[in-house]
There are 2 protein chains.
Amino acid sequence: MQKQTLLTKNQQIIFDLIDKSPEPMKAYSILFNVQKKGIKAPLQVYRALDKLVEIGKIHKIESRNAFIACHNSSCQVAKATAFSICEICEKVTEISSAGLSKYLANFKDKDGMKYSKYNLEFFGLCKKCR
Amino acid sequence: MQKQTLLTKNQQIIFDLIDKSPEPMKAYSILFNVQKKGIKAPLQVYRALDKLVEIGKIHKIESRNAFIACHNSSCQVAKATAFSICEICEKVTEISSAGLSKYLANFKDKDGMKYSKYNLEFFGLCKKCR
DNA sequence: AATTTATTGTTATAATATAACATTATGTAA
DNA sequence: TTACATAATGTTATATTATAACAATAAATT
């Protein structure tokens, strides 16, 4: 079996929903929204989410237990993600900054260790909420 | 009432436990460990954890739903945290790098927005696991 | 066609976290 | 020092997030 490029039915349904959403979606909210399409159980949602995260089509916002579609072609490979999160309206924006990703990918810890995989969440107030 | 500097009984019990632990601790593992000291309910644990996070004595490792004691005096104010996480043994190390924190505190997104609050988690293999 | 691998469906349950309410302790101010 | 306000605690119940285990189906590989 060659590496999956097309999404399966459940993955496609769930990706479409997340991709259309203006805000991060939580697993059980996703479940509620896809029940009419025949996806009835939490596990069906979590399995699709796991796969979509793995192939880089969506990202998990760890501090919110929620998922957003990737809008940055380079993360498909990198698993190196950065977001800004508004602490009032909870708006989440994926940050695509060559400078930032370069800095973080080249960062060395005290042992001289580098990390190609990371997740960064910035917190503050968005334009509207300031 | 002046700003709390000393920990309350429950906070102290739970902080001591986390501080002694060589690895991040999860809430229900904490609960199990402090039941002999009279802390019987999840909520008692979560309340102490919330407060300890708020005052910067511990940090939550978001990707693991676990808590570690702070070993970096500057985060008490900053809420600007960075960790490395070993994907095999799950060892977590808090990163204290003046360069990194300066870079992130000065980072500006596309709207020119700066963030004093952030959480960064690096993933890779620790020395032992490589 | 046989084999392997990925995906799906389903039920049950585990793990993580908060709501709501009553009580007790502690700090502040009249 | 009594009243008031605020913070912390105790308790029961419940909400939310996530996975285990097993059976069945579908798709790619040989």
Side-chain angles (χ1 to χ4, degrees), chain A residues 1-18 21 23-68 85 90 92 119 121, chain B residues 1-18 21 23-68 85 90 92 119 121:
Chain A
M1 199 178 266
Q2 68 188 28
K3 199 179 172 216
Q4 177 186 332
T5 70
L6 296 177
L7 301 180
T8 64
K9 182 166 68 75
N10 288 0
Q11 290 163 13
Q12 189 68 57
I13 290 168
I14 287 172
F15 175 73
D16 287 345
L17 179 66
I18 296 171
S21 172
E23 69 229 358
M25 293 196 74
K26 304 195 139 219
Y28 279 72
S29 155
I30 292 168
L31 176 59
F32 178 79
N33 277 276
V34 297
Q35 273 175 335
K36 47 183 164 265
K37 305 223 173 184
I39 296 176
K40 291 177 205 150
L43 198 41
Q44 294 176 292
V45 172
Y46 280 104
R47 282 199 284 228
L49 290 173
D50 284 352
K51 183 56 94 173
L52 290 167
V53 166
E54 185 189 323
I55 65 180
K57 297 284 287 181
I58 66 172
H59 303 302
K60 182 172 187 181
I61 308 302
E62 292 287 355
S63 66
R64 301 299 187 260
N65 297 319
F67 300 85
I68 64 170
I85 301 172
E90 294 290 323
V92 173
N119 180 56
E121 297 180 4
Chain B
M1 197 178 268
Q2 69 188 28
K3 197 176 173 217
Q4 176 187 330
T5 70
L6 296 177
L7 301 180
T8 65
K9 183 167 66 75
N10 288 0
Q11 290 162 14
Q12 190 68 56
I13 290 168
I14 287 172
F15 174 73
D16 287 345
L17 180 66
I18 297 171
S21 172
E23 68 231 358
M25 293 197 75
K26 303 194 142 221
Y28 278 72
S29 156
I30 292 167
L31 176 58
F32 177 80
N33 276 278
V34 297
Q35 273 174 334
K36 46 183 165 267
K37 304 222 172 185
I39 297 177
K40 291 176 204 149
L43 197 43
Q44 294 176 291
V45 172
Y46 280 104
R47 282 199 284 229
L49 290 174
D50 284 351
K51 183 56 94 176
L52 290 168
V53 167
E54 185 188 323
I55 64 181
K57 297 284 287 181
I58 65 172
H59 303 303
K60 183 173 187 181
I61 308 302
E62 293 287 355
S63 65
R64 300 298 188 260
N65 297 319
F67 301 85
I68 64 171
I85 302 172
E90 295 290 324
V92 173
N119 180 56
E121 297 180 3

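Residue numbering restarts at 1 for every chain, and letters A, B, ... go by the order of the sequence lines.
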Q: Does any non-hydrogen side-chain atom of B:Leu17 lie less than 4.5 Å from one of B:Met25?
A: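 Yes - at least one pair of side-chain heavy atoms lies under 4.5 Å apart.
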Q: Going by salt bridge (charged side-chain N to carboxylate O under 4.0 Å, His left out), B:Arg64 matches just one of B:Glu23, B:Glu90, B:Glu121. Which one?
A: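 Exactly one option meets the salt bridge (charged side-chain N to carboxylate O under 4.0 Å, His left out) with B:Arg64, and it is B:Glu90.
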Q: Does C:dA17 have OP1 or OP2 under 4.0 Å away from a side-chain N or O of B:Lys60?
A: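 Yes, within the criterion.
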Q: Throw together a table of side-chain donor-acceptor distances under 3.5 angstrom for residues 28-42 of chain B, partners on residues two or more places apart or in other chains.
A:
| unit_1 | atom_1 | unit_2 | atom_2 | d |
| --- | --- | --- | --- | --- |
| B:Asn33 | ND2 | B:Ser29 | O | 2.7 |

Q: Can you tell me the distance, in whole Å, between the CD1 atom of A:Ile61 and the P atom of D:dT17?
A: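 About 15 Å, once rounded to whole Å.
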Q: Would you say C:dT7 has OP1 or OP2 under 4.0 Å from some side-chain N or O of A:Lys51?
A: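 The answer is yes; a side-chain N or O of A:Lys51 sits under 4.0 Å from OP1 or OP2.
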Q: Rounded off to whole Å, could you give me the CG-to-C1' distance for the B:Leu7 and D:dT9 pair?
A: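 To the nearest whole Å, that distance equals 15 Å.
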Q: Is the phosphate of C:dT8, meaning OP1 or OP2, less than 4.0 Å from a side-chain N or O of A:Lys9?
A: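 So the side-chain polar atoms of A:Lys9 never come under 4.0 Å of the phosphate oxygens OP1 or OP2 of C:dT8.
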Q: Measure the shortest side-chain to side-chain distance between A:Asn119 and B:Ser63 over non-hydrogen atoms and say whether it is less than 4.5 angstrom.
A: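 No. Closest side-chain heavy atoms not under 4.5 Å.
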Q: Determine whether the aromatic ring of A:Tyr28 stacks with the base of D:dT16, defined as ring centroids separated by less than 5.5 Å and ring planes inclined by less than 30°.
A: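 By the stated criterion, A:Tyr28 and D:dT16 do not stack.
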Q: Round to a whole Å and report the spacing from CE of A:Met25 to P of D:dT17.
A: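 After rounding, the gap between these two atoms is 12 Å.
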Q: Without decimals, in angstroms, what is the distance between B:Ile30 CD1 and C:dA15 P?
A: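 Value for this atom pair: 15 Å.
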Q: Give a yes/no on whether any side-chain N or O of A:Asn65 is located under 4.0 angstrom from OP1 or OP2 of D:dT16.
A: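 For D:dT16, OP1/OP2 do not have a side-chain N/O of A:Asn65 under 4.0 Å.
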Q: What is the distance from CG of B:Leu31 to P of D:dT9, rounded to the nearest Å?
A: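 These atoms are roughly 15 Å apart.
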Q: Look at A:Lys26 and D:dT17 and indicate whether a side-chain polar atom (N or O) is within less than 4.0 Å of OP1 or OP2.
A: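 Answer yes for this pair, as a side-chain N or O of A:Lys26 is under 4.0 Å from OP1 or OP2.
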Q: To the nearest Å, give me how far apart CD (B:Gln11) and P (C:dT26) are.
A: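 Taking CD of B:Gln11 and P of C:dT26, I get 13 Å after rounding.
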Q: Hey, are the side chains of A:Lys60 and A:Phe67 touching, using non-hydrogen atoms and a 4.5 Å cut-off?
A: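 Side-chain contact under 4.5 Å: yes.
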Q: Looking at residues 42-49 of chain B, who's got a heavy atom less than 4.0 Å off DNA chain D?
A: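 Here the set is B:Leu43, B:Gln44, B:Arg47.
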Q: Using side-chain heavy atoms (C-beta onward) and a distance below 4.5 Å, is A:Leu7 in contact with A:Ile13?
A: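 In short, these two side chains do not touch, never coming nearer than 4.5 Å.
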Q: With a 4.5 Å heavy-atom cut-off, do A:Ile68 and A:Ile58 have their side chains touching?
A: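 When only atoms from C-beta onward are counted, A:Ile58 and A:Ile68 do not touch, as no gap falls below 4.5 Å.
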Q: Can you measure A:Glu62 atom CD to D:dT17 atom C1' for me and round it to whole angstrom units?
A: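 After rounding, the reported distance stands at 12 Å.
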Q: Within the side chain of B:Gln11, is there an N or O that forms a donor-acceptor pair under 3.5 Å with the backbone of B:Thr8?
A: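 Yes, the answer is positive, given that a donor and an acceptor are paired below the 3.5 Å cut-off.
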Q: Do any of residues 32-41 of chain A sit with a heavy atom less than 4.0 Å from DNA chain C, and if so which?
A: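 Contacts with DNA chain C under 4.0 Å: A:Lys40, A:Ala41.
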Q: Taking 4.0 Å as the cut-off, does a side-chain nitrogen or oxygen of B:Thr8 come that near to OP1 or OP2 on D:dA7?
A: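 For D:dA7, OP1/OP2 do not have a side-chain N/O of B:Thr8 under 4.0 Å.
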Q: Output the rounded distance in Å from CG (A:Leu6) to P (D:dA26).
A: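 Going from CG in A:Leu6 over to P in D:dA26 covers 18 Å.
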